[in-house]
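Encoded as structure tokens, the structure appears first; notes follow it.
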Amino acid sequence: MKEIRLHGRGGQGVVKASQILVKAAVAGKKHGQFIPFFGVERKGSPVFGYLRISNEPIRRKMQVYEPDSLVIMDDTLISLPTTYVGLKDGGSIIINSVKKIEDLHIPANAGKVTIVDATGISEEFLGRNIPNTAMLGAFARASGLVDKDEVMEEIEKTFGEVNRRAAEKAYEQAVSLKL
């Protein structure tokens with residue numbers, strides 16, 4: 001079982017992105033679980049999501065405290081003390097950013113970082129900063145936990161063909177670095 005914690009801001013689509021990943025995992029004959037967590041429910045506030053993907057049934061029903069992967073939809077969240085907390089040794093980070101890696105304060109125990117300009121891609125395709133579908137494309141490429149085609153199909157079913165194109169562009173443009 002792989003545990004993923006998603007970090008974003010209200011309005012960036014953390015919940016819908018997580019639901020799409022679970023649907024894609026299930027379509028790919030895996031098991032998936034999403035547990036949303038909301039603090040202050042207003043646009044721009046930090047929000048979290050906890051996601052599990054497994055080849056076996058998932059019995060655990062709690063927050064993710066030691067994620068295998070972090071998905072960070074807004075690089076301004078790296079300054080929060082909880083963003084990188086608990087990342088497993090060798091864990092992966094998928095982050096929406098145009099910053100240089102040295103400016104992202106990546107923890108020493110991270111094994112891989114994938115960077116994509118999901119904001120720029122979403123603004124190009126959607127006309128506004130809703131990076132969730134672009135981040136799903138980057139996640140599919142970086143993680144290998146879900147089938148790319150399943151993710152793209154779920155995105156198109158949920159949000160339409162333009163969002164699928166945004167995800168495909170992010171899939172192509174995501175840059176992964178082993179640390």
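Just the heavy atoms: all of them, side chains too, but no hydrogens, waters or symmetry mates, feed the values below.
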Can you tell me how far apart CD1 (I130) and CE (M135) are? Round to the nearest 0.5 Å. 14.5 Å

Nearest heavy-atom approach of F34 to G49 is CE1-CA, 3.5 Å

I need the I35 CD1 to L51 CG distance, nearest 0.5 Å. 9.5 Å

Determine whether E150 and K23 make a side-chain contact, defined as any pair of heavy atoms from C-beta on separated by less than 4.5 Å. no

Going hydrophobic residue to hydrophobic residue with side-chain gaps under 4.5 angstrom, can you get from V113 over to V116? no

Would L87 end up clustered with I115 when hydrophobic side chains under 4.5 Å apart are linked, directly or stepwise? yes

Residue pair N132 / K16: nearest heavy atoms and the distance that separates them: ND2-CB, 4.0 Å

Keeping S176 on the side-chain end and T114 on the backbone end, is there a donor-acceptor pair under 3.5 Å? no

Gap between atom CG of L77 and atom CD1 of I95 - 0.5 Å precision: 8.5 Å

In the single-linkage hydrophobic clustering (I, L, V, M, F, W, Y; side-chain heavy atoms under 4.5 Å), do L126 and V98 co-cluster? no

Could you please spell out the steps behind the side-chain contact (heavy atoms from CB on, under 4.5 Å) verdict for T83 and H105? CA-CA 11 Å; T83 301; H105 309 290; over 6 Å; no

Whether Q33 side chain and R60 backbone form a donor-acceptor pair below 3.5 Å: yes

With a cut-off of 6.0 Å (strictly less than), are more than 12 heavy atoms of other residues, nucleotides or ligands near CD of E102? yes

Can you tell me how far apart CZ (F48) and CD (Q63) are? Round to the nearest 0.5 Å. 9.0 Å

T158 (side chain) donor-acceptor with I155 (main chain) under 3.5 angstrom: no

Which distance, rounded to the nearest 0.5 Å, do you find between the CD of E66 and the CG of D89? 9.5 Å

Side chain to side chain, Q173 and D117, heavy atoms closer than 4.5 Å: no

Given 3.5 Å as the limit, does a donor-acceptor pair link the side chain of R5 with the main chain of I72, or not? no

Within-4.5 Å side-chain heavy-atom neighbours: Y84 and N109: no

Linking I/L/V/M/F/W/Y whenever their side-chain heavy atoms sit closer than 4.5 Å, directly or via other members, would L145 and V151 fall into one cluster? yes

Has the side chain of D68 got a donor or acceptor atom that lies under 3.5 Å from a matching backbone atom of E3? yes

So, the side chain of R141 versus the backbone of Y171: is there a donor-acceptor pair under 3.5 Å, distance only? yes

Closest heavy-atom pair and its distance - L104, I78: O-CD1, 3.4 Å

All pairs passing ring-ring contact (aromatic ring centres under 6.0 Å, His included) where residues 131-165 contributes a residue, at least two apart: none

Is there a side-chain contact between S54 and K2 in this structure, where contact means two heavy atoms from C-beta onward sitting under 4.5 Å apart? no

Should the pair K157-E154 be classified as a salt bridge under the 4.0 Å nitrogen-to-oxygen rule? yes

State whether the number of non-hydrogen atoms from other residues, nucleotides or ligands found under 6.0 Å of K30 atom NZ is greater than 12. yes

Minimum-distance pair of heavy atoms, taken over all atoms of V14 and G8: CG2-CA, 3.7 Å

What is the minimum heavy-atom distance between N96 and M73, and which atoms define it? ND2-O, 2.8 Å

Are there more than 12 heavy atoms of other residues, nucleotides or ligands under 6.0 Å from atom NZ of K61? yes

Measuring from atom CD of E168 to atom OG1 of T133, what distance do you get when rounded to the nearest 0.5 angstrom? 10.5 Å

In V71, V146, I4, V26, the residue satisfying side-chain contact (heavy atoms from CB on, under 4.5 Å) with L21 is V146

Do the side chains of L70 and L179 join up, straight or via other hydrophobic residues, at under 4.5 Å, putting them in one cluster? yes

Mark yes or no: K169 above the aromatic ring of F125, with NZ or CZ under 6.0 Å from the six-membered ring centre and no more than 45 degrees from the axis. no

Note: A138 and I94 closest approach over all heavy atoms is CB-CG2, 4.0 Å

